[in-house]
Amino acid sequence: MKNVVSLSTLKKGQKAIINRYTKEDEFVTRLKDLGLVKGITVKIYTISPFGSPICIESPCGKLLLRKQTLKDIYVLVQE
Amino acid sequence: MKIALVGNQNAGKSTIFNIISSSYAQIGNRPGVTINITEGRVKNSPNVCFDLPGIYSLSPLTAEEKTSVDFLKSNDYDLILNIIDSTNLYRSLNLTLQLLSLGKPVAIVLNMADSLKKENISIDIKALEKLIGSDIIFFSSKEKSTTKLINFINKNHSSKKHYFSSAEERFSFIKKIITIVEKRGQKQSISDKIDKVVLNKFLALPIFLLVMLGVYWLSVGYFGMWLSDKLAFLLQCIVAFIETTLKSWNVADFIISLLIDGMLVPINTVICFLPQIGILFLVLSILESVGYLTRAAFIFDRLFSAIGLSGKSIIPFIIGSGCTVPAILSCRSIEEKNEKMITMILSSFVPCSAKLPIIALFVGFFFNGNAFVTLSFYILAIILIIIFALIFSFFNKGNGVAFIYELTSYKMPNLKQTVKEVSNKIGGFFVRVGTTILTVSVIIWFLSNFSLSFVFNCPIEDSILAGLGKLLSPAFSLVIGENSWQATVSAIQGLIAKEQVISSMAVIAKAQGNAIFESSSFSFFNSVSAYSFIIFNLFSPPCINAIACLKKEIGIKRTAIVFLCQLVFAYVFSGFVYQVLSLINTLL
């Protein structure tokens, strides 16, 4: 699909819809339990001055996640 | 009836537990305060309730979460009381729906109802009850009457069962619920506006630096030191007064010395920490409840993740350059157990302010106060911290829970709660440090005041301490190139308090400042042995106060291991440095 990229490549302020995870483990289960499931809109709220972690805004609040984690989340870029 | 209190971390379970039961659970303002299951009896009923550690789902990640999930799967209870943060229904309902699959009745408390108005949210509780099929009540810990809540809990409950095959399915149901029951008005954006500045790519670091300079200046820096000095002066006067009074009563010298030198003086050195520690706790507590500590962790996480730690380690390391004691105590804001322990241990490697006089005296005399020599010790400390953190992270692989934090909105600190928290911490600090310090101080007093034939008030060179120094000085000669019991004894006293090193040298040399190195006891020092002697003192175990704190935080067994490892490391490393520098010196 066009425009489906890793969440870690997005810039500050960009919005995207979660499409899929590239792996399944306990940690991914936790991310899903926190509400980061397929179809949810997320926005890059801000990025740390050193490039990681990244703060993503979603209906489940603002979560701070390391860039490494975001590499496993693929999203459909909105704007 | 047995009732299980279940909810997300920080949803207010422990607060509600304390309100409804006659037992007491510890309350904290950060996630993960409840570690064991606390049991209590619900007021006005024969019902028993259990306060379970916070969970996000029935798939546990940490040991604490597993405790809760195991309890819930044991079936040994009759009702689940699900505590929900009303302002985050979206995330909380995921757990609620999972709880409803267990087949037990679930009663729901929409906690923090007072925050709903502030955040401009309204919830249709009747519609929510209908959709979920459970009894629900609004509650806020600010409510004066608790009978409504207790009556709600004690009545009979039944719930509709819910099954979902995946998280996606659950959340699509939750989305549907939210669109029906919840209305969110225009969000307050003050927090976002502050974050635009505080977390700005270019401003984040300077702002952090300013905040930390402020914290440093107030607590372990100028202001805290100034207060400590005043307090020390006051305490000295009191001790002097007690001493003269005792003397005027003709109390035996031995008793006076034990009371004054063995107990009151060392205890005073601990009490002198009071302003610094009190201010530090106050400022850190405010920074934490405001929400700045999470942001600091966010800014620095990248740097610390490279050595297996997280951004939260930055605070203890900075505080550690002032004093190791508050540095160890400030590690409490680190949630992950192993990381907390590693940070505590490593923060004692940061040269604290009590080590500065040693550096200043030796560098001043042997290196003309060269700033680069002084700087080299700090650089060495940073390099060693990095190396040790890497070694720890190598053995600790996979144990750490991956990094997830929540960036909460900025909040005004609750004054009453802050004061209560700070005074609790200060009280605890004095109780435990006081007991350990007292014991060790009396032992050291005994060793330095009695000779081997137990004669009191002997000259220091005849004391048991000097005897011990003579036993150890051949080994210590590898570090300083001279068989000197005087230097050995001084270094040993550094394990009690780093300030003791210089004052012990002054007592033995009967001289002050640079004149110490002109006395026969210490004239053997040269630039090489001066450098290795400083290194030994920098990296040997921290002072007894810090050790006592560490003992409380990580247990006596681990503290003993850390103590021995640091001692051996400091010895081997400073010996190595001495030998290498001597070799270079002769080759040049």
Side-chain angles (χ1 to χ4, degrees), chain A residues 7-76, chain B residues 8 55-62 65 85 87-95 98 166-172 174-175 178 182 184 191-192 195-196 198-206 208 294-295 297-306 310-311 401-409:
Chain A
L7 186 51
S8 63
T9 59
L10 263 60
K11 290 190 182 72
K12 187 175 164 178
Q14 271 190 300
K15 274 186 185 169
I17 295 172
I18 295 183
N19 186 272
R20 65 191 159 90
Y21 285 83
T22 54
K23 65 174 184 189
E24 291 293 333
D25 61 13
E26 284 176 318
F27 190 60
V28 169
T29 308
R30 169 51 51 87
L31 292 176
K32 287 180 180 172
D33 276 325
L34 287 170
L36 297 178
V37 291
K38 189 180 171 178
I40 289 295
T41 308
V42 295
K43 182 186 166 191
I44 305 290
Y45 180 69
T46 189
I47 300 170
S48 166
F50 295 107
S52 167
I54 292 165
C55 179
I56 51 173
E57 199 178 359
S58 73
C60 49
K62 296 183 185 104
L63 292 174
L64 305 176
L65 297 166
R66 284 184 178 162
K67 200 168 184 174
Q68 202 60 39
T69 311
L70 298 193
K71 279 192 177 141
D72 300 322
I73 308 174
Y74 274 73
V75 293
L76 189 64
Chain B
N8 286 170
I55 50 173
Y56 288 107
S57 73
L58 295 180
S59 327
L61 268 187
T62 64
E65 290 172 4
D85 173 358
T87 60
N88 204 333
L89 270 191
Y90 180 82
R91 197 174 63 202
S92 312
L93 287 179
N94 175 54
L95 176 64
Q98 289 195 23
S166 68
E168 283 83 1
E169 228 178 82
R170 248 193 326 270
F171 274 104
S172 70
I174 292 170
K175 253 188 185 166
I178 300 236
E182 191 185 86
R184 276 179 189 255
S191 195
D192 291 350
D195 270 341
K196 270 208 172 114
V198 170
L199 297 180
N200 177 286
K201 208 173 176 180
F202 304 103
L203 293 175
L205 285 174
F208 173 81
T294 315
R295 282 158 177 91
F298 172 68
I299 295 169
F300 286 96
D301 182 68
R302 180 69 176 263
L303 300 183
F304 284 86
S305 69
S310 83
V401 175
F403 183 93
I404 316 177
Y405 275 115
E406 201 189 336
L407 194 76
T408 46
S409 301

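The chains referred to below are lettered A, B, ... by the order of the sequence lines, with proteins before strands, and numbering in each begins at 1. The structure presented is a predicted model; accordingly, all values stated were derived computationally and were not measured.
Neither the backbone nor the side chain of T87(B) comes within contact range of chain A, judged by heavy atoms closer than 4.5 Å. Of the atoms belonging to L205(B), it is side-chain heavy atoms, and not backbone ones, that fall under 4.5 Å from chain A. For L303(B), the part lying near chain A is the side chain, with the backbone staying farther off; criterion is any non-hydrogen pair under 4.5 Å. Using a 4.5 Å cut-off between heavy atoms, S166(B) does not touch chain A at all. Contact annotation for K196(B): neither backbone nor side-chain heavy atoms come within less than 4.5 Å of a heavy atom of chain A. Both the backbone and the side chain of T294(B) come within contact range of chain A, each with at least one heavy atom under 4.5 Å from a heavy atom of that chain. If you measure heavy-atom distances from T29(A) to chain B, the contacts under 4.5 Å come from the side chain alone. Only the side chain of R170(B) has a heavy atom closer than 4.5 Å to any heavy atom of chain A.
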When you look at F50(A) and D301(B), which way does the side chain to side chain contact (heavy atoms under 4.5 Å, CB included) test go after all the steps?
-> CA-CA 8 Å; F50(A) 295 107; D301(B) 182 68; over 6 Å; no

Check the pair D192(B), K62(A) against salt bridge (Lys or Arg N to Asp or Glu O under 4.0 Å), reporting the backbone distance first and the verdict last.
-> CA-CA 11 Å; D192(B) 291 350; K62(A) 296 183 185 104; 3.2 Å; yes

Starting from the C-alpha separation in whole Å, work towards a yes-or-no answer on side chain to side chain contact (heavy atoms under 4.5 Å, CB included) for T46(A) and K201(B).
-> CA-CA 9 Å; T46(A) 189; K201(B) 208 173 176 180; over 6 Å; no

Taking it one step at a time, do L34(A) and Y90(B) satisfy side chain to side chain contact (heavy atoms under 4.5 Å, CB included)?
-> CA-CA 9 Å; L34(A) 287 170; Y90(B) 180 82; over 6 Å; no

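Counting heavy atoms of neighbouring residues, nucleotides and ligands inside a 6.0 Å radius, atom CD of E26(A) does not exceed 12 of them. Remark: K12(A) NZ is packed, more than 12 non-hydrogen atoms of other residues, nucleotides or ligands lying under 6.0 Å away.
Note on A204(B), S92(B), P60(B), A167(B): by heavy-atom pairs under 4.5 Å with chain A, the leading option is A167(B). Across D195(B), T408(B), N8(B), the residue that shares the most heavy-atom pairs under 4.5 angstrom with chain A is D195(B). For the set I47(A), V37(A), L31(A), I54(A), the count of heavy-atom pairs under 4.5 angstrom toward chain B peaks at V37(A). If you tally non-hydrogen atom pairs under 4.5 Å between each of P49(A), S52(A), P53(A), C60(A) and chain B, the highest count goes to P53(A). When S310(B), A297(B), S57(B) are compared by the number of non-hydrogen pairs under 4.5 Å with chain A, S57(B) comes out ahead.
Atoms CZ and OG, from R295(B) and S48(A) in turn, are 13.0 Å apart once rounded to the nearest 0.5 Å. Taken to the nearest 0.5 Å, the CG atom of L65(A) stands 10.0 Å off from the CZ atom of F298(B). Note that CG of L63(A) is 13.0 Å distant from OH of Y405(B), once rounded to the nearest 0.5 Å. Atom CD in E406(B) sits 8.5 Å away from atom CG in L64(A) (nearest 0.5 Å).
Of all heavy-atom pairs spanning P59(A) and N88(B), the tightest one is O-OD1, 4.2 Å.
Side chain of N94(B) to backbone of D33(A): a donor-acceptor contact under 3.5 angstrom is found.
A salt bridge between E65(B) and R30(A) is present, with a side-chain N of the basic residue lying under 4.0 Å from a carboxylate O of the acidic one.
Annotation: side chain of S305(B) is in contact with side chain of R66(A) (closest heavy-atom distance under 4.5 Å). Side-chain contact between K175(B) and I40(A) is present, with heavy atoms from C-beta onward closer than 4.5 Å.
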